[in-house]
Amino acid sequence: MKFRIFTILFIYLLSITSVVIAGETDGRTIANDLRQAIVSKPDSVLEILDKIENSKSEILSSYQVDLLRGLAYNEKRMFSLVDRYSSKALLADSINNHPKEKLNALTLQSVARSFFGNYQGCIESAIEAMKIARETGNKAAEYNILTTMAKASFAMGNRTQGYDYLDKIISSGASSDDARVLANVSAAYGVKIVELYTDDRFSDGLAEGYKRLAIIDKIDKTGGAPGGFTDQQRAYAYARIASCAERAGKFSEASKAYNSFINTDYAQYPMGRAYIMDYLLDSHQWKRVLEFTAPLYPILAKGDTINGDYQSLLTSDGRAQAGLGNYREGYGLIQRASAIQDSLYIREKNSYAQELATVFVLNEKELELVNSQAQSQRRKILLIASFGIVMLVVVILILTIRAYSLSIKRQKLAARQIDELLAMHKMTTMSSEEEKADFRVFTEMQRHIVEEGLFKSPDFNRDGIVEATGISRAKVSQLIERFAKESVNDYINRLRVEYSVQMINEHPNWTIDAIAESCGYVRRATYYNHFNRLYGITPAQYRKEREKTKLQSSD
């Protein structure tokens with residue numbers, strides 16, 4: 001059956017090619033047909049675009065060809081090429097006469113730049129795209145851009161803002177009967193589930209996964225989605241349900257979701273199977289991990305391998321090899337992944353991106369205020385509204401400058417306080433004044449955990465403490481809650497974060513990702529979240545303030 005479908009599609013695409021070359025149909029129809037085919041056959045679309053260019057046919061303009069190439073490479077997750085062709089399309093003067101096409105190009109450009117950590121460029125493109133989406137009343141595009149902004153917010157450590165963007169999409173778009181709007185609601189659910197998984201909120205992620213499946217079912221009933229789209233969306237949803245259920249301890253539910261994933265058409269492709277990797281790693285299916293990742297290397301090698309996909313591929317294989325007992329090979333793969341992280345770190349410009357993110361939020365609020373006033377009082381108080389906008393901009397500018405100044409002072413103070421808190425903590429935990437037997441047991445337990453570096457293992461938990469010390473599970477929880485005044489998980493995470501501060505000070509040339517990995521964190525976002533929760537600033541801000549303090553001392 002699948003062979004028949006692919007044969008029909010190939011014949012269909014081949015007929016399109018001949019028509020294009022002969023100039024027998026208009027460019028708009030061809031562009032729409034190719035766009036529909038991109039989801040299921042991006043490589044075939046790229047071949048057709050090559051034929052169109054080689055034939056020197058004018059049925060498609062140069063910016064349309066570049067934009068379609070960007071869409072195809074986006075489906076293949078080759079984001080360096082997405083950025084190249086979307087940027088090339090935007091350079092064409094003629095695209096300015098087609099707002100919808102320009103909006104598509106800006107959206108692609110924003111997504112690609114976010115993927116490479118270029119949040120400054122991502123936000124600039126998103127702001128321009130949002131303006132066009134609202135001018136044209138394109139809700140689907142607006143939600144797509146908000147999703148990109150949410151991803152950038154999470155990447156910069158502003159998790160509350162990221163969740164707010166996603167919830168805004170879900171609450172306002174779930175009741176729509178437009179398949180394109182619902183598709184963006186499904187995408188918002190997908191990002192939210194990933195971030196809930198990162199925050200260890202596995203039960204919440206599982207619940208959101210089933211809500212996403214309901215939206216996908218609604219897309220099927222509504223109709224209008226490209227062929228293969230809902231199958232792909234279900235594959236994403238089942239993969240995340242499986243990983244969340246596994247981490248929540250609902251193993252039969254996780255296995256059922258895995259089987260549902262495998263039965264999708266999308267899971268038959270190597271790139272599709274990459275999405276089940278978290279579940280396979282969490283459930284220790286090491287051989288299956290290596291089986292699924294092997295075909296991905298030649299695919300990703302065709303593009304720029306300095307990206308998160310290739311780094312994740314190496315990390316997954318490294319963990320799988322270590323799980324099988326091949327520690328040397330696993331270590332080599334992790335080292336290669338770390339080298340890619342170092343290269344990606346050079347591309348980051350988070351400080352300026354934070355400023356642009358703030359500007360974006362202010363623009364959102366200002367735009368909503370202006371639109372609200374304009375709808376009810378446009379003719380009566382135009383002059384007053386104009387004056388009010390000017391005053392608002394002045395006030396915002398003053399508040400922004402003041403907030404930035406306070407933020408700098410707060411970061412300096414926080415950096416000093418981190419060192420003071422660590423020093424005080426060492427004095428407290430190493431004190432011998434407490435004579436109670438339980439405190440001696442707690443002190444010895446903590447000494448063993450810290451000296452052996454047990455917390456640096458990503459899988460270290462209460463059971464690990466029990467195994468290492470021989471203390472019962474109940475006693476471990478009692479000691480930590482009594483003397484550390486926190487839960488076992490918070491206690492372990494605090495040891496990791498405190499150790500990371502030591503690593504930042506001892507290894508100024510290490511990247512933040514390398515620091516996080518050395519302390520037992522698999523995901524950078526989780527490390528940022530725990531560090532910020534404990535100290536009120538990010539690891540990058542702490543390092544920056546420490547470097548400033550050293551320079552001032554040397555001067």
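- A 4.5 Å side-chain heavy-atom check between Lys88 and Arg84 finds every atom pair outside the cut-off.
- Here the side chains of Glu517 and Ile334 are in contact, with some heavy-atom distance below 4.5 Å.
- A donor-acceptor pair is defined here as one N or O able to donate and one able to accept, closer than 3.5 Å; no such pair exists between the side chain of Glu481 and the backbone of Val488.
- Geometrically, Arg273 engages Phe292 in a cation-pi contact defined by less than 6.0 Å to the ring centre and at most 45° from the axis.
- The shortest distance between side-chain heavy atoms of Leu68 and Leu71 falls below 4.5 Å.
- Counting heavy atoms from C-beta on, the side chains of Glu545 and Ile537 never come closer than 4.5 Å.
- Within a 6.0 Å sphere centred on OH of Tyr331, other residues, nucleotides and ligands contribute 12 heavy atoms or fewer.
- Within the 4.5 Å cutoff, the side chain of Thr315 has no heavy atoms near those of the Leu333 side chain.
- Proximity of a side-chain donor or acceptor of Asn74 to a complementary backbone N or O of Gly70 within less than 3.5 Å is not detected.
- A salt bridge does not link Glu291 with Lys287: every distance from a Lys NZ or Arg NE/NH1/NH2 to an Asp or Glu carboxylate oxygen is 4.0 Å or more.
- Figure legend: cation-pi geometry between Arg524 and Phe154 absent, as NZ or CZ is not positioned both under 6.0 Å from the six-membered ring centre and within 45° of its axis.
- Residues Tyr236 and Tyr266 place their aromatic rings such that the two centres sit under 6.0 Å apart.
- In this structure, His507 and Trp510 have parallel ring planes: the angle between them is below the 30° cut-off, well short of the 60° mark.
- The aromatic rings of Tyr527 and Tyr521 lie tilted to each other, with the angle between the two planes from 30° to 60°.
- Within a 6.0 Å radius of OH in Tyr297, more than 12 heavy atoms belonging to other residues, nucleotides or ligands are found.
- Under a 3.5 Å cut-off, the side chain of Glu444 and the backbone N or O of Val441 do not form any donor-acceptor pair.
- Counting only heavy atoms from C-beta outward, the side chains of Gln109 and Ser114 never approach each other to under 4.5 Å.
- Aromatic rings of Tyr542 and Tyr535 (six-membered ring for Trp) have centroids beyond the 6.0 Å cut-off, not under it.
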>> Please evaluate residues Ser186 and Arg212 with respect to the criterion side chain to side chain donor-acceptor pair (under 3.5 Å), reporting the C-alpha separation (whole Å), side-chain torsions for both, the decisive distance (0.1 Å), and the verdict.
In response: CA-CA 6 Å; Ser186 173; Arg212 186 184 190 187; 3.0 Å; yes
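- Note: Tyr258 and Tyr238 fail the aromatic proximity criterion, with ring centroids not under 6.0 Å apart.
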Check step by step if side chain to side chain donor-acceptor pair (under 3.5 Å) holds for Ser80 and Asp83. CA-CA 5 Å; Ser80 60; Asp83 189 19; over 6 Å; no
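- With respect to Lys211 and Glu208, a salt bridge is recorded, a charged nitrogen being found less than 4.0 Å from a carboxylate O.
- Using a 4.0 Å cut-off between charged nitrogen and carboxylate oxygen, Asp43 and Lys76 count as a salt-bridge pair.
- Side-chain contact between Arg546 and Asn505 is present, with at least one heavy-atom pair separated by less than 4.5 Å.
- Under 4.0 Å is where a charged nitrogen must lie from a carboxylate oxygen, and between Asp278 and Arg523 at least one such pair does.
- In this structure, the side chains of Val289 and Arg319 stay at 4.5 Å or more apart for every pair of heavy atoms.
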